[in-house]
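Quick note: numbers below take in every heavy atom, side chains included, and nothing from hydrogens, waters or symmetry partners.
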Amino acid sequence: MADTRLEPLKPITRRDRRSSSYASIWSYPSSPGSQYTLTQSVDGTELRQPWEGLGSEAGENAQVWHIYKEESTKFDAATIDGCNRGIDVLLVFTGLFSAVLTTFIIQSYQQMLPGPSDTTNALLLQLLSDIRQSSAFNISSHLPPLSSSQTGVPTTSQLHWVNGLWFAALACSLSGALVCMLAKQWIQPLPNISGSPKHRARQRQRRHTQLQSWHVFAVISALPLLLHISLLLFFAGVIILLWSGDIAIMASTFTIVALAYIFYLGSIWMSLAYPDFPYQHPITEQLRRWMARQTARSTPQNSGDLESNSDERIRSIRIPMAGPMVNQDDYVDACSIVWLLQQSSNDRIVKAALQAIAGLPREFSAFHILREAGTIRMVLQQFSCCFHRDHSFSHTKWRVNDAEGAAVYCRAWIRLTHGTSESWPSNLHQPLSTLKDTTGNFHVSAIAACVSALDALDSRTSQIGLLSHINRVASGDSTYDELTQRWLLNTFLECSLSWELRAAVLNDLVKRAVPTLLQLLQHATEKSGIQIRATIALILTYLTQGNFDPELLWDEEKRHLNFSETLIPSLASVIQDPDRFGVTAGPLIFTVSEFSRHAVQAFERSSRFPPHVDTARWGLFKLFIEGRIGIVPDNLLVDILQILHPLDNITSEQKPLFVKALVRTLSTSVDVDVAISSIRLLEPILIACSSSVVNVFMEENGISTLLRVARTGDTDSRRLQLDCLRILCIFIQSSATAFSSENPLGQSRSPALEEQFDIIFQSDFFTTLIATVGGRRWWLSEIAEIWVPALIHLCQVQPQHHLWRSVETVFRDFAEINDGEEGSQRLLDDLGRLRTIIDSSAASLENLCEVLLMILLYFYRWD
């Protein structure tokens with residue numbers, strides 16, 4: 001397959017002549033997003049076509065492609081017409097020349113064929129030769145010499161040369177005719193192509209590129225050389241044929257041919273040396289292009305700036321925002337714009353082509369084609385034309401004539417300088433500052449701020465200026481449209497990747513940028529701006545993590561698909577250390593909300609949290625126990641609690657705070673899922689907990705809260721009800737263990753704990769317990785390990801309660817039904833202990849009653 005790439009493009013040079021094909025009037029919008037209008041008169045016909053809004057200068061229906069179609073149609077028509085005319089002339093000349101040449105060949109070729117008298121003549125010549133050599137006859141002086149040169153008859157060798165040259169000339173002539181007929185097919189215009197103007201422009205440019213790459217026009221231009229060579233071969237054969245004849249005729253013929261070809265070669269050389277030489281040859285233009293390419297390869301290219309900069313500091317190369325591979329469609333689009341700039345000298349068309357560069361997407365991969373053609377210099381020239389220099393002041397002052405047009409050229413400069421170290425010319429800094437201070441048009445001032453920030457990557461002031469515009473957008477300023485927001489964010493991303501700032505300045509910028517980006521992300525989420533959200537996520541990831549996948553810079557589709565995976569690490573870093581990034585209460589609540597939502601989705605897809613999510617859990621845990629999360633919706637609270645589970649290695653100082661936060665969550669929320677998630681986190685902390693945890697649980701009225709949640713479970717969730725009963729049993733057992741360890745000599749319990757236990761006896765705790773066990777709806781192992789041991793501790797508090805007999809009977813029936821299973825024996829043993837406590841309490845009560853009765857009888861008798 002042939003290489004379809006264009007040859008290295010030379011910098012664009014403007015022609016001196018002016019084309020009158022277009023008389024265009026361009027009107028720029030008074031506000032961002034309005035329509036451009038082009039009124040053009042072509043051959044007396046006025047056409048009005050809409051100009052797309054800002055950001056669509058290179059869209060599918062952009063005006064530049066209409067202009068390209070018009071210009072290419074005229075160019076192709078003129079080119080094809082010129083080629084056809086030249087080919088027709090060649091065909092006519094080839095026909096006449098071949099006819100004449102054939103007549104000569106017929107005559108000369110017959111002399112090479114053996115005739116009837118050739119043998120006789122050869123014998124006679126041999127006889128005469130023998131007679132000359134015979135000594136018997138001395139008649140040599142009377143016979144003419146046998147040299148053919150004296151007779152004017154060409155020798156056989158000369159005839160071979162003549163016929164060879166003439167046949168070669170005929171072959172060249174007829175081959176030229178064949179190629180001419182084929183060339184007419186090669187240059188046939190393309191049929192009408194359906195599709196958008198951009199699609200039709202691509203198809204035409206692809207065909208033009210193929211014609212250039214395969215040197216079709218060079219071949220057509222070289223076709224006359226075949227006829228010139230053919231004519232030279234014919235003249236050479238004529239001279240050889242005349243060589244054995246009259247010398248005067250041969251000399252005059254040779255002189256005429258030599259003079260003609262001296263003029264031919266001289267005119268070629270003169271046309272190469274002087275492009276305006278009137279005696280041009282078709283092949284001269286091709287030779288001139290070939291020589292220009294060779295010169296361009298050996299000559300270093302200029303940087304393309306409008307003027308050399310006085311600032312000589314070393315500039316770093318900006319991070320490229322396009323992929324490493326050149327997309328074919330992008331390549332064709334770039335070549336189309338370059339072709340339009342090279343072929344047209346009309347200022348309006350040049351402006352349209354340069355403004356189309358501003359509408360190219362950020363991930364456009366063929367900007368180098370445009371740079372090599374010298375478009376940076378042209379863009380800066382057009383930018384300077386948008387201003388007027390006023391010398392009436394003490395110092396030169398620049399006034400803006402066309403602010404919107406200048407902003408378009410600024411966007412074109414930003415696009416063209418991606419991945420380069422190009423800087424803004426020093427002599428245009430003042431006009432740029434004037435444009436940046438423009439009031440009433442935030443789009444213009446924002447784009448100027450983007451240029452200033454990219455030009456001064458080591459300047460804090462320029463970066464703060466760019467960030468101030470983003471801050472206005474985050475504050476809800478509606479004057480910034482979506483296009484302006486995308487330019488601001490993409491420029492800030494490119495700047496952040498190439499910053500050359502000191503550590504203190506960098507940290508200050510990060511603390512300023514992260515809260516602003518979080519606020520902007522919140523607004524973008526509400527507006528569903530997926531492109532803006534993806535860019536914000538990428539910036540946050542770089543500012544907080546320091547790196548990300550480079551492919552996300554230019555692959556928009558991958559950036560959208562990996563939005564959650566890109567955003568989660570940055571939000572996790574903010575949650576882990578909000579003070580470092582300057583995040584206060586409002587943005588922090590949104591950060592927690594957004595992090596929880598995306599982290600849970602990642603967990604559902606991968607069945608386990610990613611490593612950065614696991615790290616962020618401790619930051620989220622810290623915010624939760626400090627109460628900094630605030631009031632959030634129940635569904636978000638469920639996500640937060642799900643992320644926090646399970647939390648291992650909690651310190652003894654953190655456990656009371658965590659219990660306090662969980663109990664408050666249970667007391668304030670009525671959502672079943674929130675309660676289940678809170679109880680799941682509360683359970684491992686209450687198992688064998690310390691007295692400090694017990695005290696916090698009691699201070700927050702944990703038992704009352706769990707009983708209330710359990711009553712809620714009667715109608716909403718049986719699981720929630722049973723979870724509450726289990727947690728109560730765990731707390732009873734842990735609290736009894738904690739206080740018994742602190743009172744080894746058997747002193748009385750804490751009055752506060754006794755008061756909490758009284759709440760249990762006053763509730764429907766035992767009723768629910770009996771109903772659950774009596775209905776055989778729970779596991780034997782949990783009943784034996786948790787429930788009954790807790791009941792034993794509770795029975796020791798109030799053994800005289802009237803429900804203990806019913807409780808003991810129901811649990812014993814449950815144990816007998818599950819006799820022989822694991823844990824049944826332990827259950828029976830604990831029930832035995834429970835009965836002993838009940839019986840002892842009953843016996844003590846009976847003894848007490850007897851004593852009281854005896855006392856009463858004693859006083860009765862005494863009376």
* Looking at residues at least two apart in the chain, or sitting in another chain, which of them share a side chain to side chain contact (heavy atoms under 4.5 Å, CB included) with Ala353? -> Ile337, Leu340, Leu341

* Can a donor-acceptor pair be found between the side chains of Gln654 and Thr651 at a distance below 3.5 Å? -> yes

* **Minimal non-hydrogen separation, Pro578 against Gln576, with atom names** => CD-C, 3.8 Å

* Pairing residues for Asp330 by the side-chain hydrogen bond (donor to acceptor under 3.5 Å, both in side chains) criterion, not counting sequence neighbours -> Ser365

* Asked: Going by heavy atoms in the side chains, are Cys410 and Leu435 under 4.5 Å from each other?
  -> yes

* Contact summary for Arg415 and Ile357, nearest pair of heavy atoms -> CG-O, 3.9 Å

* Check step by step if side-chain contact (heavy atoms from CB on, under 4.5 Å) holds for His469 and Thr484. => CA-CA 10 Å; His469 284 278; Thr484 308; over 6 Å; no

* Starting at CD1 of Ile589, measure out to CD of Gln522 and round the result to the nearest 0.5 Å. => 10.0 Å

* Is there a donor-acceptor contact under 3.5 Å from the side chain of Thr375 to the main chain of Leu370? -> yes

* Looking at side-chain heavy atoms only, is the closest gap between Tyr409 and Cys386 below 4.5 Å? -> yes

* To do: Please name all residues satisfying salt bridge (Lys or Arg N to Asp or Glu O under 4.0 Å) with Asp634, sequence neighbours left out, ordered by chain then number.
  => none

* Structure fact -> CD1 of Ile650 to CG of Leu681, rounded to nearest 0.5 Å, is 8.0 Å

* Structure fact -> Hits for salt bridge (Lys or Arg N to Asp or Glu O under 4.0 Å) against Lys436, two or more places apart or cross-chain, chain-then-number order -> none

* Asked: Which pairs pass ring pair (Phe, Tyr, Trp, His ring centres under 6.0 Å) with one or both residues in residues 484-510, sequence neighbours excluded?
  -> Phe492-Trp499

Hey, can you pull the donor-acceptor pairs under 3.5 Å for the side chains in residues 534-543, sequence neighbours left out?
unit_1	atom_1	unit_2	atom_2	d
Thr535	OG1	Gln531	O	2.9
Thr535	OG1	Arg559	NH1	3.2
Thr541	OG1	Ala537	O	2.7
Thr541	OG1	Thr566	O	2.5

* Asked: When you measure from the side chain of Ser669 to the backbone N and O of Thr665, does any donor-acceptor pair fall under 3.5 Å?
  -> no

* Report yes or no: does Lys198 contribute a side-chain atom to a donor-acceptor pair with the main-chain N or O of Ala58 at less than 3.5 Å? => yes

* To do: Not counting sequence neighbours, which residues clear side chain to side chain contact (heavy atoms under 4.5 Å, CB included) with Ser459? List them please.
  => Ala456, Thr461, Ser462

* Asked: Do Gln545 and Ser573 get their side chains close enough for a donor-acceptor pair, meaning under 3.5 Å?
  -> yes

* Asked: Quick one: does Val574's side chain get under 4.5 Å of Phe595's, heavy atoms only?
  -> no

* **Expected output: side-chain Ser570 to main-chain Leu567 donor-acceptor under 3.5 Å** => yes

* **Exam field: side chain Ser384 to backbone Gln381, donor-acceptor pair closer than 3.5 Å** => yes

* **Closest approach of Asp671 to Asp673 (non-hydrogen atoms, all atoms of both residues)** => OD2-N, 3.0 Å

* To do: For the pair Gln63 (side chain) and Ala352 (backbone), establish whether a donor and an acceptor sit closer than 3.5 Å, ignoring hydrogens and angles.
  => no

* Reported CH2-to-CD1 distance for the pair Trp424 and Ile414, which is rounded to 0.5 angstrom -> 8.5 Å

* Asked: So, does Arg362 use its side chain to make a donor-acceptor pair with the main chain of Leu553 at under 3.5 Å?
  -> yes

* Quick one: does NZ or CZ of Arg318 land under 6.0 Å from the six-membered ring centre of Trp413, within 45 degrees of the ring axis? -> yes

* To do: May I ask you to check whether over 12 heavy atoms, not counting those of Lys660, lie within 6.0 Å of atom NZ?
  => no

* To do: Using a 4.5 Å cut-off on heavy atoms from C-beta on, say whether the side chain of Met378 contacts that of Val350.
  => yes

* To do: Apply side-chain hydrogen bond (donor to acceptor under 3.5 Å, both in side chains) to Arg202 and list each qualifying residue two or more places apart in sequence or on a separate chain.
  => Asp333

* To do: For residues Arg512 and Thr516, report the shortest heavy-atom separation together with the two atoms involved.
  => O-OG1, 3.0 Å

* **Heavy atoms from other residues, nucleotides or ligands near CD of Glu626 exceed 12 (cutoff 6.0 Å)** => yes

* Taking Gln519 for its side chain and Ala474 for its backbone only, find out whether a donor-acceptor pair lies under 3.5 Å. => yes

* Say you draw a straight line from CG of Leu380 to CG of Leu416; how long is it, rounded to the nearest 0.5 Å? -> 9.0 Å

* Validation row: Leu662, Leu641 side chains within 4.5 angstrom (heavy atoms) -> yes

* Trace of the side-chain hydrogen bond (donor to acceptor under 3.5 Å, both in side chains) decision for Thr438 with Asn441 -> CA-CA 7 Å; Thr438 302; Asn441 194 328; over 6 Å; no

* To do: Give a yes or no on whether the backbone of Phe442 and the side-chain of Ser445 come within a donor-acceptor separation of less than 3.5 Å.
  => yes

* To do: Using side chain to side chain contact (heavy atoms under 4.5 Å, CB included) as the criterion, list what pairs up with Pro361, not counting sequence neighbours.
  => Glu363, Phe364

* **Interatomic distance, Leu637 atom CG to Gln642 atom CD [nearest 0.5 angstrom]** => 12.0 Å

* Asked: With sequence neighbours left out, what residues match Arg460 under salt bridge (Lys or Arg N to Asp or Glu O under 4.0 Å)?
  -> Asp508

* Asked: With distance as the sole test, does Asp555 use its side chain to make a donor-acceptor pair with the main-chain N or O of Glu551 at under 3.5 Å?
  -> no

* May I ask you to check whether Asp455 and Ser452 show a side-chain donor-acceptor distance below 3.5 Å? => no

* Asked: Of Leu518, Val592, Thr544, which is the lone residue that meets side-chain contact (heavy atoms from CB on, under 4.5 Å) with Leu571?
  -> Leu518

* Asked: Sequence neighbours excluded, which residues qualify as salt bridge (Lys or Arg N to Asp or Glu O under 4.0 Å) partners of Asp639?
  -> none

* Heavy-atom side-chain contact between Val408 and Leu354 under 4.5 Å -> no

* Contacts of Asp329 that satisfy side-chain hydrogen bond (donor to acceptor under 3.5 Å, both in side chains) - sequence neighbours left out -> Arg206

* Structure fact -> All heavy atoms of Pro197 vs all of Glu60, minimum pair found to be CD-O, 3.4 Å

* Could you verify whether a donor N or O on one side chain and an acceptor N or O on the other, from Tyr480 and His443, lie under 3.5 Å apart? => no

* Asked: Which heavy-atom pair separates Phe383 from Ala406 by the least distance, and what is that distance?
  -> CD1-O, 3.6 Å

* Gln355 versus Val64: any side-chain heavy-atom pair under 4.5 Å? -> no

* Asked: Is any side-chain heavy atom of Arg486 less than 4.5 Å from a side-chain heavy atom of Leu483?
  -> yes

* To do: Consider only side-chain N and O atoms of Glu422 and Thr417, and report whether a donor and an acceptor are under 3.5 Å apart.
  => no

* Look up atom CD1 in Ile575 and atom CD in Glu594, then write down how far apart they are to the nearest 0.5 Å. => 10.5 Å

